[in-house]
Amino acid sequence: MASLSTEEENYVRMSLLLTGISPRAARALFDREFHPSRLESSLKNEHNKLFDLKKIHVINAAQWNLLFTRFPDRPDSKTFDITLMITLLRNLTKISPPVCGFDQLPTTTETKPGADLSRIKYYRNYMAHLGDGKLDTGFFNTAWDDITSAINRLAGQQMKQECDHLKTKPLDQTNQEIMLEIKCSNDEIRELKNSFESLQLSHTKNEEIP
């Protein structure tokens with residue numbers, strides 16, 4: 001495989017940070033709020049609220065099946081992705097939202113758990129919509145510091161050290177290939193979405209023609 005440019009390496013490292021380490025940091029907080037020994041009972045107690053979230057498509061069918069498993073399986077946070085964990089933390093705990101809400105990037109002075117979850121969510125969404133699989137080094141360094149500080153607060157120094165190692169370690173071919181595949185998948189998803197929206201728009205215009 002051809003070597004990556006600095007901007008492409010930045011993209012790979014950031015993707016590995018957000019798909020590998022960040023979910024574990026969120027899970028550390030999640031397991032403090034929903035202790036594994038009480039997770040099943042906690043979810044059952046909130047069944048009605050969770051069902052309301054399912055009705056408005058905040059929770060999808062696949063996530064619902066992870067929350068309310070079939071016997072003998074039991075819900076386990078290790079099967080929850082970061083989106084589901086953040087949804088549960090936002091809606092079922094007293095974790096306070098950042099000043100501008102959970103869906104915006106918090107200011108650097110906001111360091112409570114709700115703000116740190118929002119940081120991780122914001123940068124994950126940013127990466128998912130990135131078109132060319134490259135990250136400017138200035139942005140990369142700023143975002144990296146923002147995310148890893150959040151990880152440190154959520155999960156402790158040991159996980160922060162993993163982040164520091166990831167930032168400088170040589171990338172092997174496996175990591176490069178995985179992240180380039182993710183980029184291609186994101187491109188395909190965007191193209192499908194754009195095609196679908198174009199078809200919808202065309203259909204709407206056709207209906208408006210008398």
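Position 1 is the first residue of the sequence; numbering continues from there. Atom set for the values below is all heavy atoms of this structure, side chains included, hydrogens, waters and symmetry mates excluded.
Side-chain contact between K167 and D145 is present, with at least one heavy-atom pair separated by less than 4.5 Å. Annotation: side chain of Y123 is in contact with side chain of D146 (closest heavy-atom distance under 4.5 Å). Looking at D76 and T69, their side chains never come closer than 4.5 Å, going by heavy atoms from C-beta outward. I95 is listed as a side-chain neighbour of L29, based on a closest heavy-atom distance under 4.5 Å. Here the side chains of E8 and S5 are in contact, with some heavy-atom distance below 4.5 Å. Annotation: side chain of I147 is in contact with side chain of S22 (closest heavy-atom distance under 4.5 Å). Side chains of N10 and N141 form no contact here, defined as non-hydrogen atoms less than 4.5 Å apart. In this structure the side chain of L43 reaches within 4.5 angstrom of the side chain of L39, judged on heavy atoms.
Ionic pairing of D116 and K112 is not present here: no N-O contact between side-chain nitrogen and carboxylate oxygen is shorter than 4.0 angstrom. With salt bridges taken as basic N to acidic carboxylate O contacts below 4.0 Å, none links D73 and R70. Using a cutoff of 4.0 Å between basic side-chain nitrogens and carboxylate oxygens, K55 and D52 are scored as salt-bridged.
The two residues P106 and A115 make their nearest non-hydrogen contact at CG-O, 3.3 Å. Residues S77 and R27 approach most closely at O-NE, 2.9 Å, considering heavy atoms.
For residues 79-99, every residue pair satisfying the side chain to side chain donor-acceptor pair (under 3.5 Å) rule, not counting sequence neighbours, is listed here: R90-D103.
The distance from atom CG of L105 to atom CD of E110, rounded to the nearest 0.5 Å, is 9.0 Å. The OG1 atom of T19 sits 10.0 Å away from the CD1 atom of I82 when rounded to the nearest 0.5 Å. With rounding to the nearest 0.5 Å, the separation of CD in E46 from CZ in F34 is 7.5 Å. One distance of note links CD of E162 with CD of Q157; it measures 11.5 Å at 0.5 Å rounding. The distance from the CD atom of E7 to the CD atom of E9 is 10.0 Å, given to the nearest 0.5 Å. Taken to the nearest 0.5 Å, the CG atom of L92 stands 8.0 Å off from the CZ atom of F30.
In this structure, F140 and W144 have tilted ring planes: the angle between them lies in the 30° to 60° band.
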Step by step, work out the ring pair (Phe, Tyr, Trp, His ring centres under 6.0 Å) result for W64 and H57.
CA-CA 11 Å; W64 182 262; H57 307 293; over 10 Å; no
Walk me through whether F51 and I59 qualify under side-chain contact (heavy atoms from CB on, under 4.5 Å).
CA-CA 8 Å; F51 187 71; I59 293 174; over 6 Å; no
Walk me through it: do D164 and K160 pass the test salt bridge (Lys or Arg N to Asp or Glu O under 4.0 Å)?
CA-CA 6 Å; D164 295 341; K160 172 64 164 58; 3.0 Å; yes
Between R119 and R124, is a side-chain contact (heavy atoms from CB on, under 4.5 Å) present by the stated rule, with each step listed?
CA-CA 9 Å; R119 281 186 178 86; R124 279 173 58 88; over 6 Å; no
Go through F102 and I86 one step at a time and tell me if the side-chain contact (heavy atoms from CB on, under 4.5 Å) criterion holds.
CA-CA 9 Å; F102 281 108; I86 289 176; 5.5 Å; no
Kindly indicate, with the supporting measurements, whether the criterion side-chain contact (heavy atoms from CB on, under 4.5 Å) is fulfilled by Q104 and S118.
CA-CA 7 Å; Q104 302 295 323; S118 297; over 6 Å; no
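Qualifying side-chain contact (heavy atoms from CB on, under 4.5 Å) partners for A25, counting only residues two or more places apart in sequence or in other chains: I151, L154, A155, M159. Considering only residues two or more places apart in sequence or on other chains, Y126 meets the ring pair (Phe, Tyr, Trp, His ring centres under 6.0 Å) condition with F139.
Linking Ile, Leu, Val, Met, Phe, Trp and Tyr residues whenever their side-chain heavy atoms come within less than 4.5 Å places M85 and V58 in a single cluster.
Environment of CD in Q158: sparse, with no more than 12 heavy atoms of neighbouring residues, nucleotides or ligands closer than 6.0 Å.
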